[in-house]
**Student:** 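Take a look at this one; I'll ask things after.
Starting from 1, each residue takes its place in the sequence as its number. What you see below is based on every heavy atom in this structure, not just the backbone, and it leaves out hydrogens, waters and symmetry mates.
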Amino acid sequence: MKRNLKQTIVVVVLLLSAISCKKEDNVSIDLRQYVDNPVSNTALDAWIKTTFLDPYNMDVIYRYSDYYKDNDKVVSPADPAKVQPQMQTVLEGFINPYKTVAGTTFIKKMLPKEWVLFGSGAYQTDGSMILATASAGRRVTIYDINNFNVNNPDGVTRKLRTIHHEFTHILNQLVAMPTDFQTITKSTYNATWTTVTDATARDNGYVSPYASSQPGEDFAETVSHLLVLGQAWFDARANASTAVGKAALKAKEASVVQYFTINLGVDFRALQREVQNVVRNTYKLPSASFGYWMGQNLFKTMTINLEDPLYTANPMSTDFSNAYNSFKVTILAYSATAKYHLDYLQFRFESTTALTVRGAFTAAAGGTQFFADYTFSYTINPTTGAVTFTKVAQAGTTGSYANAALFTAGFTSSIQAYLTGKTFIADWMPKTIDNTNFNNFGGMYVSGTPTNYFFGSLGQIL
């Protein structure tokens, strides 16, 4: 046995050296640290014990062992310096969200008990690289951790998508995926998915080419993209698809939400929110920001009605409330007989530079609703979320523009005065919004003064 072990170590060392030489890497490394050694007790081992083993009975295996890899795969050992950053992401972006939403009992029962780490990716015969695998409802193997960089948001979230993807497979092993999901795009699954372009996959109703390979992968990809890339990304992809593709994507989303909520007893929207909070605030993925999607003109409208009970639970800032109510008084005072009532204020983003601020109003007794439209231009920095508004010449003189002229003075001294001459920061808000609505609300605060803000319900169609 001792002789065989020594021979195995020699083979591993020679193989690793050969791989390293091909890449012209520095091979002056003490390879003994990579070989399985259960008696070791490093600071990393202590962190793993207190973070994963003690609270969740999870074992993190990072020292190289042939036992944990497929015989047809050649992989390199994990760099110990990469282990804690990688597993911290597992903790922050995967375990903690499930713990918050589903509880500790769910974590201990459902989450994998073994996490195996390898340094390089594992390659398939078709040239694709495996980033992670799940097996037996118990183990997740993560590859390519030696390239993990916690300061690279795209790389971090890509790996996090893979982890959520693999865990979905484990969930499906324990609780079968919905049969309805498997029939939504039944006719377009393609086992040779590496030949499928992203645009083709999108137009056929898939979140990625890999999702088009078969229903199980499609379900796991849909879950991971909704959780990690978020609802705005998913909606943007659906909107860019064909009519058939969009319908398929939205049907898949509904199936996923129902599976988690009904079959697993896990509030999917609450879980999505927890994951998104980490992606937005900890990893700072640019495409997860509200400013990014404003820059893409995904959201066409933002509607504000301060009489909605939602604003009682989630109060608007005093400065904006004063401007809104002042404009409301202007409309009411215009006619003593009609007593027009401000129903709502709506920001209509006509393009990435053109904005209409609309006041909707009716007579107090009910009846026809009228609009008063005011024309603005705006700038948006999709990276920083910085927004500025400028009042420009009205786009017309009749209809809603003629109505706007009736209240020009009041609008100028209230809403226009509030919006112009400032820099705002676009953000997902309010932070207190409930799980059902958190994907559907956004707003802006004055740069440097986060207590001065406005927000409203978002719409994607004008």
Side-chain angles (χ1 to χ4, degrees), residues 44-62 67-69 78 82-118 130-145 148 150 156-178 216-217 219-228 256-279 282-283 435:
L44 174 59
D45 295 319
W47 179 79
I48 289 172
K49 180 177 183 298
T50 58
T51 307
F52 298 99
L53 187 59
D54 291 346
Y56 307 117
N57 195 29
M58 292 179 184
D59 196 10
V60 179
I61 302 160
Y62 66 91
Y67 174 78
Y68 293 104
K69 76 173 187 66
K82 299 289 187 175
V83 173
Q84 185 166 338
Q86 174 65 84
M87 291 308 298
Q88 184 68 32
T89 297
V90 172
L91 180 68
E92 293 171 343
F94 173 67
I95 296 175
N96 286 348
Y98 270 101
K99 181 180 178 180
T100 298
V101 175
T104 303
T105 300
F106 180 93
I107 293 289
K108 292 181 177 179
K109 179 181 178 181
M110 306 293 276
L111 265 62
K113 297 301 181 184
E114 288 183 344
W115 295 82
V116 181
L117 308 181
F118 287 108
I130 299 173
L131 288 178
T133 58
S135 59
R138 174 180 176 83
R139 177 189 302 158
V140 169
T141 302
I142 304 176
Y143 297 93
D144 196 38
I145 79 158
F148 184 78
V150 73
V156 171
T157 51
R158 181 185 181 213
K159 186 63 68 68
L160 189 58
R161 286 206 319 269
T162 304
I163 291 165
H164 279 280
H165 174 111
E166 295 305 324
F167 180 58
T168 302
H169 285 317
I170 289 177
L171 289 175
N172 291 162
Q173 291 169 19
L174 300 173
V175 181
M177 64 181 289
E217 301 302 337
F219 190 81
E221 281 286 271
T222 303
V223 170
S224 65
H225 281 68
L226 277 166
L227 289 176
V228 180
V256 162
V257 172
Q258 179 172 302
Y259 171 80
F260 274 78
T261 305
I262 304 300
N263 297 46
L264 297 177
V266 175
D267 185 336
F268 185 81
R269 293 306 183 192
L271 180 64
Q272 187 181 41
R273 179 178 188 167
E274 291 299 320
V275 175
Q276 281 298 291
N277 283 340
V278 175
V279 170
T282 301
Y283 307 145
N435 292 326

**Student:** With rounding to the nearest 0.5 Å, note down the distance linking CD in E274 to CG in L227.
**Tutor:** 11.5 Å

**Student:** Between NE2 of H169 and CZ of F219, what distance do you get to the nearest 0.5 Å?
**Tutor:**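 CZ of F219 is found 10.5 Å from NE2 of H169.
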
**Student:** For a quick test of your reading: what N or O donor-acceptor pairs under 3.5 Å do the side chains of residues 97-109 make, sequence neighbours left out?
**Tutor:**
residue	atom	partner	partner atom	Å
K99	NZ	Y56	OH	3.4
T100	OG1	N96	O	3.0

**Student:** Looking just at side-chain N and O atoms, do N435 and R273 make a donor-acceptor pair shorter than 3.5 Å?
**Tutor:** yes

**Student:** Which pair of heavy atoms, one from A132 and one from T162, lies closest together, and at what distance?
**Tutor:**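 Closest approach of A132 to T162: CB-CG2, 3.2 Å.
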
**Student:** Can any side-chain N or O of K82 pair as donor or acceptor with the backbone N or O of F148 at less than 3.5 Å?
**Tutor:** yes

**Student:** Does the side chain of F52 reach to within under 4.5 Å of the side chain of D59, using non-hydrogen atoms?
**Tutor:**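 F52 does not reach D59 side chain to side chain.
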
**Student:** Q88 and E92: side-chain donor and acceptor closer than 3.5 Å?
**Tutor:**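 Looking only at side-chain atoms, E92 and Q88 do form a donor-acceptor pair, the distance falling under 3.5 Å.
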
**Student:** Which heavy atom of V140 sits nearest to which heavy atom of P112, and what is that distance?
**Tutor:**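 Taking V140 first and P112 second, the nearest heavy atoms are CG2-CG, 3.7 Å.
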
**Student:** Hey, are the side chains of Q86 and V90 touching, using non-hydrogen atoms and a 4.5 Å cut-off?
**Tutor:**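 Contact flag for Q86/V90 side chains = yes.
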
**Student:** Please examine the side chains of I163 and V228, heavy atoms only from C-beta on, and report whether any two atoms are closer than 4.5 Å.
**Tutor:**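 SC-SC contact between V228 and I163 ruled out.
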
**Student:** With the side chain counted from C-beta on, respond yes when L160 and Y283 share a heavy-atom pair under 4.5 Å apart, and no when they do not.
**Tutor:**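 SC-SC contact between L160 and Y283 confirmed.
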
**Student:** So, do Y62 and W115 have ring centers that fall under 6.0 Å from each other?
**Tutor:**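 No, they do not, as the ring centres are separated by 6.0 Å or more.
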
**Student:** Drop me the distance from L111's CG to N57's CG, to the nearest 0.5 angstrom.
**Tutor:**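 If I round to the nearest 0.5 Å, the distance is 12.0 Å.
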
**Student:** I need the Q272 CD to N277 CG distance, nearest 0.5 Å.
**Tutor:** 10.5 Å

**Student:** If every non-hydrogen atom of Y143 is compared with every non-hydrogen atom of K159, which pair is closest and at what distance?
**Tutor:**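 Minimum heavy-atom separation between Y143 and K159: O-NZ, 3.3 Å.
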
**Student:** Just by distance, do the side chain of T51 and the backbone of I48 share a donor-acceptor pair under 3.5 Å?
**Tutor:**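 Side chain of T51 to backbone of I48: no pair is present.
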
**Student:** List in chain and number order the residues that pass ring-ring contact (aromatic ring centres under 6.0 Å, His included) with H164, two or more places apart in sequence or in another chain; answer none if no residue qualifies.
**Tutor:**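 ring-ring contact (aromatic ring centres under 6.0 Å, His included) list for H164, sorted by chain: F94.
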
**Student:** Is the shortest side-chain heavy-atom distance between F260 and L171 below 4.5 Å?
**Tutor:**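 Of all side-chain heavy-atom pairs linking L171 with F260, at least one is under 4.5 Å.
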
**Student:** Would you say R139 has more than 12 foreign heavy atoms packed within less than 6.0 Å of its CZ?
**Tutor:** yes

**Student:** Of the options I142, L44, L117, V116, which is the one that meets V60 in a side chain to side chain contact (heavy atoms under 4.5 Å, CB included)?
**Tutor:**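 The side chain to side chain contact (heavy atoms under 4.5 Å, CB included) with V60 is passed solely by L117 among I142, L44, L117, V116.
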
